[in-house]
Student: 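Below: one structure in structure tokens.
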Amino acid sequence: MTMQPWFADAKLGIFVHWGIYAVDGVPESWSFYSGDLTRDAYMKQLDGFTASRYRPDEWAGLFARAGARYAVLTTKHHDGVALWDTDRTELSVATRSPAGRDLVGPFAEALRRHGLRVGLYYSHSDWSHPDYPTARPSSLHRPWVDNRFAMPAPGAERPDRWEHYLTHVHRGQIRELLSRYRPDLLWFDGAWERDEHQWRMKELREEILRLRPRTVLNGRMLGHGDYATPELGVPIVPPEGPWELCYTIGDAWGHQPRDTAHKSVAELVRVFTETIGHGGNLLLNTGPRQDGTIVPEHAERLEGLGRWIHRNREAVHGTVRGLPYGHHYGPSTLSTDRRTLYLVCFDPPSRFVELRGLHNAVRKVSVLGTGEELGHRVVGGFPSRRVPGGVRVDAPTLCDPDATVLALELDGEIELYRGHGAG
Ligand code: GLC
């Protein structure tokens with residue numbers, strides 16, 4: 001599998017969890033699955049979903065200013081409510097809510113007008129469709145999945161109805177999304193309730209790529225996707241291949257008025273640089289209100305992150321995975337020609353910044369954003385045994401409030417010392 005180059009260099013995407021759950025501000029889908037709410041009470045939110053101030057061009061403009069290169073919209077979450085006028089089920093905001101129209105098409109068009117790639121989230125599982133809870137996987141790895149919205153009782157399986165769900169609803173809706181909106185990326189979720197064979201995932205991948213060969217597929221396809229999707233926490237051992245961390249600005253995915261623990265711009269810059277420094281993209285989530293507006297606290301964070309990315313763009317785009325842990329106390333990235341190393345310093349360094357295990361000579365150090373040139377010297381090392389000393393860079397006079405980036409121009413392609421030390 002070769003990854004589409006746009007995805008590898010995108011670095012930031014915006015995840016949009018938008019659905020009827022924003023009406024009462026309850027957790028998306030899970031609130032009725034877990035019994036906190038009856039399904040009727042949950043679906044009653046359809047009556048309050050208006051999209052009355054939905055301006056996808058404003059979203060796309062904001063996402064572009066945030067520094068994102070793509071965005072992913074929840075076209076159908078596990079609740080089964082489609083945001084487009086699907087022909088395959090009765091349940092869409094186009095036919096059942098005051099919004100009364102397709103919301104996915106305008107999203108895709110607005111993103112394209114702003115030069116962003118289009119990602120569509122689609123939940124394999126559908127906790128509303130009567131034909132969905134008709135098959136059980138051969139073993140239930142997660143006991144909590146034995147839920148009436150997801151599973152039939154043992155012995156009550158209906159293979160014919162499962163087949164109907166799979167071919168008519170699941171495949172049918174995915175085909176609708178592909179042909180109507182021509183997404184660059186399909187972001188699947190909710191595969192855990194069936195096994196790979198029940199979903200016929202291999203065939204799904206083949207079919208999508210036959211219809212639209214360049215579609216990027218996220219990893220929630222039980223082994224048949226293109227990249228890993230860690231969720232909510234920066235991986236300590238970064239995945240080796242391509243990956244993307246999905247992450248919330250507050251605590252919730254969808255809009256919830258009581259979700260006020262918004263991360264600061266500085267915190268988001270940390271997560272962003274930790275992610276890109278280890279080869280991932282950050283998919284940062286916002287949950288618009290039912291009317292289609294984005295809460296100002298989220299918009300401010302996105303603008304702030306965008307300003308940081310703009311000031312430090314040289315360390316973001318056109319870079320690859322930086323140093324493994326141990327060389328520098330913080331994340332780093334490398335220019336694609338591997339001759340410039342970007343060191344991210346979260347707090348203003350008071351004395352010096354030390355980089356260990358570098359064989360190269362450093363030609364020049366400068367601070368991104370201000371252009372200040374910094375002095376450096378090499379301390380220690382065991383040259384006759386090829387153990388490099390530490391490169392000590394003077395502290396900058398002026399630091400970025402959210403994270404300062406030092407650009408180190410090397411005398412050639414980077415060469416790291418990865419040994420245990422001589423002695
Ligand atoms: C989980 C949840 C879901 C959320 C998703 C985002 O799988 O089921 O509510 O949409 O993660 O990654």
Side-chain angles (χ1 to χ4, degrees), residues 7 12-37 39 42 45 68 70-83 93 103-104 107 119-129 132-133 137 140-147 149-151 170 173 177 183 185-194 199 201 216-223 225-235 239 242-256 259 263 268 271 275 280-288 298:
F7 184 84
L12 181 70
I14 306 296
F15 211 172
V16 184
H17 272 71
W18 194 29
I20 63 166
Y21 37 86
V23 172
D24 293 339
V26 296
E28 70 289 345
S29 310
W30 293 98
S31 43
F32 74 88
Y33 177 92
S34 62
D36 291 346
L37 218 65
R39 189 168 166 280
Y42 183 91
Q45 295 178 99
Y70 65 109
V72 179
L73 173 68
T74 49
T75 64
K76 183 178 117 169
H77 206 263
H78 320 319
D79 61 11
V81 182
L83 289 194
V93 298
L103 303 176
V104 179
F107 171 82
L120 302 180
Y121 167 111
Y122 180 81
S123 169
H124 298 291
S125 58
D126 183 327
W127 297 335
S128 289
H129 200 280
Y132 180 70
L140 295 183
H141 293 294
R142 313 185 196 192
W144 49 265
V145 305
D146 208 350
N147 176 295
F149 296 111
M151 296 292 163
H170 185 261
Q173 289 190 321
L177 293 174
L185 183 157
L186 280 179
W187 211 101
F188 289 112
D189 192 17
W192 61 83
E193 291 165 344
R194 304 287 183 266
W199 288 119
M201 280 299 187
V216 176
L217 301 171
N218 80 335
R220 299 188 180 179
M221 297 184 72
L222 305 176
D226 295 325
Y227 67 87
T229 57
E231 179 167 328
L232 294 172
V234 180
W243 59 282
E244 173 204 64
L245 171 69
C246 53
Y247 199 76
T248 52
I249 297 180
D251 287 328
W253 294 106
H255 170 66
Q256 295 183 28
D259 178 33
K263 283 125 189 149
L268 295 173
V271 173
T275 301
N281 286 351
L282 179 66
L283 185 62
L284 186 60
N285 179 77
T286 183
H298 283 200

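Heavy-atom basis, side chains included; hydrogens, waters and symmetry copies ignored. Whatever order the structure lists ligands and atoms in, that order sets their numbers, starting from 1.
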Student: Which one of Leu83, Leu177, Val72 satisfies the side-chain contact (heavy atoms from CB on, under 4.5 Å) criterion with Leu120?
Tutor: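 Answer after filtering Leu83, Leu177, Val72: Leu177.
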Student: Tell me whether ligand 1 is touched by Phe188 - counting only heavy atoms on the residue side and a distance under 4.0 Å.
Tutor: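 The answer is no: ligand 1 sits nowhere under 4.0 Å from a heavy atom of Phe188.
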Student: Under 4.0 Å from any heavy atom of Arg220, which atoms of ligand 1 are there?
Tutor: 7 (O), 11 (O), 12 (O)
Student: For Tyr121, take its heavy atoms, then give the atoms of ligand 1 lying under 4.0 Å from any of them.
Tutor: 10 (O)
Student: Should the pair Tyr33 and Trp144 be assigned to parallel (<30°), tilted (30 to 60°) or perpendicular (>60°) ring geometry?
Tutor: perpendicular
Student: At a 4.0 Å threshold, what atoms of ligand 1 neighbour a non-hydrogen atom of Cys246?
Tutor: 12 (O)
Student: Distance to 0.1 Å, residue and atom name: give those for the protein heavy atom nearest to atom 3 (C) of ligand 1.
Tutor: His77 NE2, 3.5 Å
Student: Which residue owns the protein heavy atom closest to atom 8 (O) of ligand 1, what's the atom, and how far is it?
Tutor: His78 NE2, 2.8 Å
Student: Taking a cutoff of less than 4.0 Å between a non-hydrogen atom of the residue and any ligand atom, is Tyr247 in contact with ligand 1?
Tutor: no
Student: Residues two or more places apart in sequence or in another chain: which of them pass salt bridge (Lys or Arg N to Asp or Glu O under 4.0 Å) with Asp79?
Tutor: none
Student: Please enumerate all residues that pass salt bridge (Lys or Arg N to Asp or Glu O under 4.0 Å) together with Asp189, with sequence neighbours excluded.
Tutor: Arg220
Student: Among side-chain atoms of Tyr132 and His170, is any donor-acceptor pair under 3.5 angstrom?
Tutor: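 Short answer, no.
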Student: Looking at atom 9 (O) of ligand 1, what's its closest protein heavy atom, distance included?
Tutor: Glu28 OE2, 2.7 Å
Student: Testing the 3.5 Å rule here: is there a donor-acceptor pair between the side chains of Thr74 and His17?
Tutor: no
Student: Nearest protein heavy-atom contact for atom 1 (C) of ligand 1: which residue, which atom, what distance?
Tutor: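 For atom 1 (C) of ligand 1, the nearest protein heavy atom comes out as Glu231 OE2, 3.4 Å.
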Student: Please identify which of these residues, Leu283, Ile14, Leu12, meets the side-chain contact (heavy atoms from CB on, under 4.5 Å) condition with Tyr70.
Tutor: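 Output: one option passes, namely Leu283.
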Student: What protein heavy atom is closest to atom 2 (C) of ligand 1, reported as residue, atom name and distance in Å?
Tutor: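 Of every protein heavy atom, Trp30 NE1, 3.6 Å lies nearest to atom 2 (C) of ligand 1.
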Student: How close does the nearest protein non-hydrogen atom get to atom 5 (C) of ligand 1, and which residue and atom is it?
Tutor: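 Its nearest protein heavy-atom neighbour is Asp189 OD2, 3.3 Å.
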Student: Using 30° and 60° as the class boundaries, would you call the ring planes of Trp127 and Phe32 parallel, tilted or perpendicular?
Tutor: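 Aromatic pair Trp127/Phe32 classed perpendicular.
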Student: Which residue owns the protein heavy atom closest to atom 4 (C) of ligand 1, what's the atom, and how far is it?
Tutor: His17 NE2, 3.5 Å
